[in-house]
Trainee: 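Handing you this structure, nothing more for now.
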Amino acid sequence: MSVKAEIADILTRLGVNSASYTSGSTKIISPVTGEEIASVADVSAADTSAAIDKAHEAFKVWRNVPAPRRGELVRLLGEELRAAKEDLGRIISIEVGKITSEGLGEIQEMIDICDFATGLSRQLYGLTIATERPGHRMMEQWHPVGVVGVISAFNFPAAVWSWNAALALVCGDTVVWKPSEKTPLISLACAAVFEKAAARFGDAPDGLLTLLIGDRAVGEVLVDHAKVPVISATGSTRMGREVGPRVAARFGRSILELGGNNAGIVCPSADQDMALAAIAFGAMGTAGQRCTSQRRTFVHDSIYDQFVPRLKAAYKSVTVGSPLTTDALVGPLIDTRASDAMERALEQAKVLGGTITGGEKIDAGYPNAHYRRPAIVEMPVHEGIVCEETFAPVLYVMRYIDLDDAIEKQNAVGAGLSSTIFTLDMREAEQFLSVAGSDCGIANVNIGTSGAEIGGAFGGEKETGGGRESGSDAWKAYMRRATNTINYSRELPLAQGVSFDIA
Ligand code: NAD
């Protein structure tokens, strides 16, 4: 069966109307084979606006549904995702090029966040706060905020939506989703799965979840719309630089999840086998197309000549090929631009004195697809292209002597998403996690930079945008906080001892 026929088969099984992926002027190309697998139509600006109005009306109904009941819808969504896991994972492999276990892993992450959000629906706690006035009570309440606009990137085309949607829905918000223009098929599939959960739920208002397929023009309507109080935007730092100020200009709230340039430090005491395995997955997994992919590694001078040759050998031996027909560990890059960006990065690194292992194009049997061997680049300097995110499997490796210096270099880039240290020395580990350590939103010890669990808040600092999604108390960004003071006394004492006696 051709990839095009297979995707149609899966989408039909999931209940997606064939007209939504066979008629339209935007052609969808599978990065695995380079062939056209579908075509979709972009939604117009007017229809986008109308959909937001409808989502706003749905919000007025949904906010009154008790939160644990809202949680029931998300629980059902989790059940439907479990049932559709194989199909959804396969779509991700076809549309994004992820290897089978990573495609399935992305759906598992969605199931996990549904479980988390279902429990959360009974835990949207506010505080009771001691008041300075007798006969008074002060408390905080968390209320639904409104329509949450979700703009997502191509590389986690389904999970990013679910991290936002599962939380937003239990918080009493409605969701308008603009997926990446490169991945409309998995979003159509997710919307169909959601519809099944909503049908089982029974009385969900129309407009709880709206899918808007289109390019950045559709995203811009969402970003500027007064009835969308929260924009959660995942993508490049370039995108965040445009979206952040526009949302701020109308006093909206943005949750920005942007680029990363993640580093690891390998210390003299490191368990080198463990570090090797973690770096191999962190840097080569998903063909280097994770926001948390490891892009820089600092190796202590005393173990460099032992560790780096082993890493290079791993790079030479990794299998690159179709995730659909082989068990290769590294699939294709998403498109020509990504492949060209990798080529340019390697050229720039060479000019700076880098020594490259790998990086060459691989003939995987598909002339229109873009397969490359992951590249490891030994760098004499930490500057230029090393300090930028290239969304491809390029790992820069540098020697260090002094840990303070390595941490300073690790932090000396624009992005601040993920980081790790490999050490068995407790002082080094604690220094890395301390106020003077990593400045990233994620700082790990003895595990890789990528593959975060949903239980923790996910996101990063600086040019990564500062947003947090997923676990911990990230839900608070999807609600509005009201501080309430109730006077049950017969007096009217003013705070701070102020007196204002009227005759
Ligand atoms: P991208 O910035 O090209 O596009 C992301 C999304 O933003 C797409 O839906 C796109 O249509 C939309 N968009 C772009 N410009 C816009 C604008 N001006 N207004 C409104 N919407 C706009 O990113 P990509 O290539 O799809 O994804 C790769 C990037 O995403 C990498 O930089 C990666 O690090 C980052 N990423 C970050 C996280 C995170 O959680 N921090 C997660 C995944 C990906």
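Bear in mind the structure is a predicted one, so any value in this text is a computation, not a measurement. All ligand and atom numbering here is 1-based and tracks the order in the structure. Counting begins at 1 with the first residue of the sequence.
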Trainee: Return the residue, atom name and 0.1 Å-rounded distance of the protein heavy atom closest to atom 17 (C) of ligand 1.
Mentor: E242 OE1, 3.7 Å
Trainee: Please report whether ligand 1 has a polar contact with L258, defined as an N or O pair separated by less than 3.5 Å (distance criterion only).
Mentor: yes
Trainee: Judged by modelled atom types alone, do T237 and E389 share a side-chain donor-acceptor pair under 3.5 Å?
Mentor: no
Trainee: Does an N or O from L417, backbone or side chain, lie closer than 3.5 Å to an N or O of ligand 1?
Mentor: no
Trainee: Is S152 in polar range of ligand 1, meaning some N or O pair under 3.5 Å apart?
Mentor: yes
Trainee: Between R238 and ligand 1, which part of the residue brings a heavy atom under 4.0 Å of the ligand: side chain, backbone, both or neither?
Mentor: side chain
Trainee: Of all the atoms in ligand 1, which lie at a distance below 4.0 Å from a heavy atom belonging to E181?
Mentor: 8 (C), 9 (O), 10 (C), 11 (O)
Trainee: What residue and atom, counting heavy atoms only, is the protein's closest point to atom 36 (N) of ligand 1, and at what distance?
Mentor: C291 CB, 3.5 Å
Trainee: With a 4.0 Å cut-off, would you call E242 and R238 a salt bridge?
Mentor: yes
Trainee: Consider only side-chain N and O atoms of T297 and Q294, and report whether a donor and an acceptor are under 3.5 Å apart.
Mentor: yes
Trainee: In terms of relative ring orientation, are W161 and F194 parallel, tilted or perpendicular, with 30° and 60° separating the classes?
Mentor: perpendicular
Trainee: Would you say that more than 12 heavy atoms from the other residues, nucleotides or ligands in this model lie under 6.0 Å from the CD of E453, or not?
Mentor: no
Trainee: Looking at R250 and D224, does any basic side-chain N land under 4.0 Å from a carboxylate oxygen?
Mentor: no
Trainee: Would N155 count as being in polar contact with ligand 1, using the rule that some N or O on each side must be under 3.5 angstrom apart?
Mentor: no
Trainee: Does any N or O atom in W163 lie less than 3.5 angstrom from one in ligand 1, N or O only?
Mentor: no
Trainee: Looking just at side-chain N and O atoms, do T183 and E95 make a donor-acceptor pair shorter than 3.5 Å?
Mentor: no
Trainee: Shortest non-hydrogen contact from A192 to L14?
Mentor: CB-O, 3.5 Å
Trainee: Among all protein heavy atoms, pick out the one at the shortest distance from atom 40 (O) of ligand 1; state its residue, atom name and that distance to 0.1 Å.
Mentor: F458 CE2, 3.1 Å
Trainee: Any nitrogen or oxygen of F156, main chain or side chain, under 3.5 Å from a nitrogen or oxygen of ligand 1?
Mentor: no
Trainee: Side chains of N261 and R296 only: does a donor on one sit below 3.5 Å from an acceptor on the other?
Mentor: yes
Trainee: Within a distance under 4.0 Å of any heavy atom of S180, pick out the atoms of ligand 1 and give their elements.
Mentor: 9 (O)
Trainee: Which residue holds the protein heavy atom closest to atom 35 (C) of ligand 1, what is that atom called, and what is the gap in Å?
Mentor: G235 O, 3.2 Å
Trainee: Check for a donor-acceptor pair, side chain of S419 on one end and backbone N or O of G264 on the other, with a separation under 3.5 Å.
Mentor: no
Trainee: Does S236, backbone or side chain, put an N or O under 3.5 Å from an N or O of ligand 1?
Mentor: yes
Trainee: Which protein heavy atom lies closest to atom 27 (O) of ligand 1, and at what distance to 0.1 Å?
Mentor: A153 CB, 3.3 Å
Trainee: Mark up the atoms of ligand 1 that fall under 4.0 Å of a heavy atom belonging to P179, in ascending order.
Mentor: 9 (O)
Trainee: Would you call E463 and R241 a salt bridge, using N to O less than 4.0 angstrom?
Mentor: yes
Trainee: For atom 5 (C) of ligand 1, state which one of V160, I151, V218, T234 supplies the nearest heavy atom.
Mentor: T234
Trainee: Going by the atom numbers of ligand 1, which of them fall below 4.0 Å from some non-hydrogen atom of E220?
Mentor: 18 (N), 19 (N), 20 (C)
Trainee: Please determine if K178 has a nitrogen or oxygen closer than 3.5 Å to a nitrogen or oxygen of ligand 1.
Mentor: yes
Trainee: Select one of side chain, backbone, both or neither to describe which atoms of E469 lie under 4.0 Å from any atom of ligand 1, heavy atoms only.
Mentor: neither
Trainee: Assess, by modelled atom type and distance only, whether the side chains of E35 and N368 contain a donor and an acceptor separated by less than 3.5 Å.
Mentor: no
Trainee: Should you measure from each heavy atom of F391, which atoms of ligand 1 turn up under 4.0 Å away?
Mentor: 28 (C), 31 (C), 33 (C), 34 (O)
